[in-house]
Amino acid sequence: MKTVRVPAGWPATEEQARAAQDELRGRVVLDEPGPPPGTGTVTGVDVAYDDERDLVVAAAVVLDAASLRVVAEATAVGQVSFPYVPGLLAFREIPTVLAALDTLPCPPGLVVCDGYGLAHPRRFGLASHLGVLTGLPTIGVAKNPFTFAYQEPGAPRGSASPLLAGADEVGRALRTRDGVKPVFVSVGHRVSLDHACAHTLALTPKYRLPETTRRADSLCRRALQEATP
DNA sequence: GCGACAG
DNA sequence: ATCTTGTCGC
């Protein structure tokens, strides 16, 4: 498994991290529809932590978008590069996630992140950040509404309601299973919100969470065990 | 000013 | 995120 160092000049304080967000935020592209759902390839990324050793393991799992079968996998280990601060999650995960993506033997296609994109206090969550750094189309699918407000969507799978920051729709609460708590979808880079939701539904034929994040989650946990004797 | 707060 | 058994249900 590839080992990663924290990049030189990586933000060390919250102030530096926010300044970096401000600098990168202007490069997000929001006016592209993105790849059509159900075609090409879709990649899930996720990380697991070892608080004892301050390690983080990232996994990237590439699926065929039509069959949802695994096409390729990669992992990477690194030193945790930032403390957990709500709103600054990307600075904790991104160096190792980038390394895992780099290790893939094929192009990732659309990248599905475990967290937010536009639905972020500063409108620049993990998915936005990863998209700008890689140029890849990205979306965020989170398990919790963070600080945002929403109306409960209808009970049937496919029902959705706006995720609101004041009057702005920053994402969508999307029901992926009948009568089960919704997931919270937001745009990252080069994908429309409608397409982001369509992709999320295409990735949830059986479970609440997308197959991409389920596969990436289990892979990074396994890899963490093998990396920590 | 104080809490809440993706993973 | 992570600490954690059994249990209910398809």
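Within every chain, numbering begins at 1; the chains are lettered A, B, ... in the order of the sequence lines, protein sequences first and strands thereafter.
- Here Phe184(A) and Tyr150(A) bring their ring centres to under 6.0 angstrom of each other.
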Intra- and inter-strand pairs of DNA chain C in dot-bracket (Watson-Crick or G-U wobble, both distances under 3.5 Å; | for another strand): ..........
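- Just one residue in the list Arg177(A), Arg208(A), Lys143(A), Arg175(A) forms a side chain to side chain contact (heavy atoms under 4.5 Å, CB included) with Pro182(A), and that residue is Arg175(A).
- Put simply, the side chain of Leu193(A) reaches to within 4.5 Å of the side chain of Val187(A), judged on heavy atoms.
- Interface residues of residues 148-182 of chain A facing DNA chain B, ordered by number: none; criterion, heavy-atom separation under 4.0 Å.
- Remark: Arg122(A) CZ is packed, more than 12 non-hydrogen atoms of other residues, nucleotides or ligands lying under 6.0 Å away.
- Taking atom CZ on Phe91(A) and atom C1' on dA1(C), their separation rounds to 19 Å, with Å as the unit.
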Mind listing the N/O atom pairs, protein and nucleotides 5-7 of chain B, below 3.5 Å?
| unit_1 | atom_1 | unit_2 | atom_2 | d |
| --- | --- | --- | --- | --- |
| dA6(B) | OP2 | Tyr84(A) | OH | 3.2 |
| dA6(B) | N7 | Gly87(A) | N | 3.2 |
| dA6(B) | N6 | Gly87(A) | O | 3.2 |
| dA6(B) | N6 | Leu88(A) | N | 3.4 |
| dA6(B) | N6 | Leu89(A) | N | 3.2 |
| dA6(B) | N6 | His120(A) | NE2 | 3.3 |
| dA6(B) | N1 | Leu126(A) | N | 3.3 |
| dA6(B) | N3 | Tyr116(A) | N | 3.2 |
| dG7(B) | OP1 | Lys143(A) | N | 3.1 |
| dG7(B) | OP2 | Asn144(A) | ND2 | 2.7 |

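- Contact annotation: the side chain of Thr75(A) never approaches that of Lys2(A) to less than 4.5 Å [non-hydrogen atoms, C-beta and beyond].
- By the 30° and 60° cut-offs, the orientation of the rings of Phe82(A) relative to Phe91(A) is tilted.
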Trace of the side chain to side chain contact (heavy atoms under 4.5 Å, CB included) decision for Ile94(A) with Trp10(A): CA-CA 11 Å; Ile94(A) 272 190; Trp10(A) 194 249; 4.0 Å; yes
Test log, rule side chain to side chain contact (heavy atoms under 4.5 Å, CB included), inputs Met1(A) and Glu226(A): CA-CA 10 Å; Met1(A) 181 160 50; Glu226(A) 293 159 18; 6.0 Å; no
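- Under a 4.0 Å N-O distance rule, the pair Asp22(A)/Arg18(A) does not qualify as a salt bridge.
- Across Thr212(A), Leu63(A), Leu101(A), Leu136(A), a single residue satisfies side chain to side chain contact (heavy atoms under 4.5 Å, CB included) together with Thr43(A), and that is Leu101(A).
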